[in-house]
Amino acid sequence: MQSAKHLANLPSSYIREILAAATSENCISLAGGLPCANHFPLTHLASTIQTLDQDTALFQYGTTKGYEPLRQHLLERYNVSAEHDLIVTNGSQQGIDLIARVFLDQGDEIVMEAPSYLGAIQAFALSQATIKTVPQTPVGPDLDILESLFSSGNIKFFYAVPDFHNPTGVCWSLETRQRVGELCHKYHVALIEDAPYRDIRFHGEALPLASSFCPDNALTLTSFSKTAMPGLRLGCVRGPSQWISLLERVKQATDLHTNLPLQHLLLQLLTHPAYPAHLTTLINVYGSRYRALTDELSSQLGEWGRFNAVDGGMFVWFELNQFNADQLAKSALENGVAVVPASVFYSGEANAPAALRLNYSHSTLERLKEAVSRLANVFKLVKVAA
Ligand SMILES: Cc1ncc(COP(=O)(O)O)c(C=O)c1O
C-alpha cells in the first residue's frame, strides 16, 4: 500500500537508526536521553504491584482524561486553577502529538527554538506546519528575533523547553520567562511549554514556569519519564479547560485512554513517603555524573571544543572547533562511543552549528571517563585524516 504523502515530511530519528551500534557491547552511548535504570524506583512499587489484581476496576476501560485519583493528585500538585484542567497522556510525546493534531492545519506557522527536541520537530512536521525558528542564547531564545517572528501576526504557537533544554541544557533566565510571557500575550501566540527536565535541577533555585506569565494562553507539558520511569509512558498536559477538552476529544479518537494500572502505579509512587528522597538521590547521581563528564571534557577535549555549564537535566552541548559534527559522530561510533551531531536537532530552515549532544545520565562515572578518552582519540584520528 502507498504511504500517505505527508510521511515524506517526517524526519527520521538518528538515535533509532544508530540504536543497534550504540547498544552493542563495545560501545559506550552518550547518545540517547536515557535515565539510569539502577535508580528506577521499583522497590517503592513492589507491594502495589503485588496487590494490583485486587482492583478489577483498574483493568476495565477508563476515562479519556485520565485515572481520576491520579488526575486529582496532579491538579493539586500543580495548583491547577478552576478555569484550567489537566489530561493524562502516554508520555509528553503524546501531549505534543495531540497539540499538533488539535491546533495545526497544513501550512500553519509555529515557532520552535533552534536547536529543538527531535520528537517535537517530527510531530509538527507530520502536521505539515511551517516551522520558523528562533536562535538560542545562553539565557533562552533571542527575544528580538522572537518578537519580529511574532509580529508577523501569523504564528499559532511557540513550542519551547525552558528548563534544561534538549539538546543544549540551556535554562531560561527569569527575565526571559517574563518577557516571553509578555510577548505571547501581546501577539496572541500560545506558549507550549514542555518541561520534562524541570525537576532534575542539581544547581541553583527553581524558576517559575514561563507559562505562569501567560497562563490563559499556554499549555504546559509534564513527563514522568525522567523522574520515575520512561517505560510507564506517562505525562500530562495542563492549561485552559476548553483547550484540554479539545485534546480529550482527539485522544479519544487516538487511543481511548491511557493505561489504567500504570496510572495507578504512578499515583502510588508520587504519594509514597520515600518519593522525595528518590528524587534527591536521582538529582545527586546526575549532578555527579555531569561533573565527571564536564571535568573530563575540560581536561581531555579542551583543545577541540567548548561547552556552557548547565544546572540540571541530562545533556551537555559540546561545540566543536573546526570539525564536521556529522563526520565526527560517525567516526566516534566506529570507535566505540555514540554521540548525536547537532544537525539532528535542526528543522529545515536553520543551519546547524558544529556541535555534539552528550548525555551523562545513563553512564557510570568510569564509563563517562572512558567515553571521553575514546572521543579524544577520535578527534586526533579525524584531525590526522583531514
Ligand atoms: C523535550 C522533550 N519533550 C518530550 C519528551 C518525551 O517524553 P516522554 O517520555 O514523556 O514522552 C522528551 C524525551 O526525551 C524530551 O526531551
Side-chain angles (χ1 to χ4, degrees), residues 11 13-16 19 22 29-37 40 66 70 74 78 86-100 110 112-126 131 133 136 140-141 157-172 191-201 209-211 219-238 247 251 254-255 258-259 262-263 265-266 269-270 282 286 310 312-317 340 342 344-347 357-362:
S13 164
Y14 175 84
I15 296 158
R16 292 207 181 281
L19 199 62
S29 180
L30 309 185
L34 301 188
C36 174
F40 286 165
L70 174 65
L74 296 176
Y78 299 124
L86 174 149
I87 184 168
V88 179
T89 52
N90 263 299
S92 49
Q93 185 64 34
Q94 186 183 39
I96 296 169
D97 178 54
L98 292 176
I99 289 168
I110 61 165
M112 302 180 83
E113 294 158 288
S116 197
Y117 166 54
L118 175 64
I121 296 176
Q122 287 177 315
F124 301 141
L126 259 185
I131 301 175
T133 56
Q136 262 190 343
F157 63 68
F158 175 34
Y159 166 88
V161 183
D163 283 295
F164 318 125
H165 186 266
N166 177 4
T168 59
V170 163
C171 184
W172 294 9
L191 175 64
I192 309 298
E193 177 161 20
D194 190 8
Y197 303 101
R198 183 169 166 80
D199 291 339
I200 313 279
R201 174 183 276 279
L209 286 163
S211 50
L219 286 167
T220 308
L221 296 122
T222 291
S223 167
F224 300 101
S225 292
K226 315 298 178 183
T227 45
M229 295 171 274
L232 292 174
R233 306 303 310 125
L234 288 170
C236 63
V237 187
R238 56 192 195 275
L247 297 181
K251 181 169 165 65
T254 305
D255 63 358
T258 300
N259 178 314
L262 296 184
Q263 292 187 70
L265 283 189
L266 178 66
L269 178 65
L270 295 176
L282 201 64
Y286 291 173
V310 303
M314 295 187 171
F315 306 108
V316 170
W317 188 243
V340 189
V344 166
F345 306 104
Y346 282 78
S347 60
R357 186 189 76 175
L358 307 177
N359 165 269
Y360 50 82
S361 57
H362 186 57

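Just so it is clear, the model here is predicted, and its values are computed rather than measured. We're numbering straight along the sequence, starting at 1. Ligands are counted one by one from 1 in listed order, and the atoms in each one are counted from 1 as well.
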Atom pairs, nitrogen or oxygen, ligand 1 to protein, under 3.5 angstrom:
residue, atom, partner, partner atom, Å
ligand 1, 3 (N), D194, OD2, 2.5
ligand 1, 7 (O), S92, OG, 3.2
ligand 1, 9 (O), S225, OG, 2.6
ligand 1, 9 (O), R233, NH1, 2.9
ligand 1, 10 (O), S92, N, 2.7
ligand 1, 10 (O), S92, OG, 3.1
ligand 1, 10 (O), S223, OG, 2.7
ligand 1, 10 (O), S225, OG, 3.3
ligand 1, 11 (O), S92, N, 3.2
ligand 1, 11 (O), Q93, N, 2.9
ligand 1, 11 (O), R233, NH2, 2.8
ligand 1, 14 (O), Y197, OH, 3.3
ligand 1, 14 (O), K226, NZ, 3.0
ligand 1, 16 (O), N166, ND2, 2.8
ligand 1, 16 (O), Y197, OH, 2.6

Exercise. Are any side-chain N or O atoms of Q136 and backbone N or O atoms of E113, one a donor and one an acceptor, separated by less than 3.5 Å?
Worked result: no
Exercise. How are the rings of F158 and W172 set relative to one another: parallel (under 30°), tilted (30 to 60°) or perpendicular (over 60°)?
Worked result: parallel
For this session: Return yes if a side-chain donor-acceptor contact under 3.5 Å exists between T222 and R198, otherwise no.
Result: no
Seminar exercise, completed: Closest non-hydrogen atoms of I200 and L282, given as atom of the first, atom of the second and distance, are CD1-CD2, 4.1 Å
For this session: Could you tell me the separation between the CG atom of L234 and the CG atom of N259, rounded to the nearest 0.5 Å?
Result: 7.5 Å
Problem set entry | Exercise: identify the closest heavy-atom pair between T89 and C236 | OG1-N, 3.6 Å
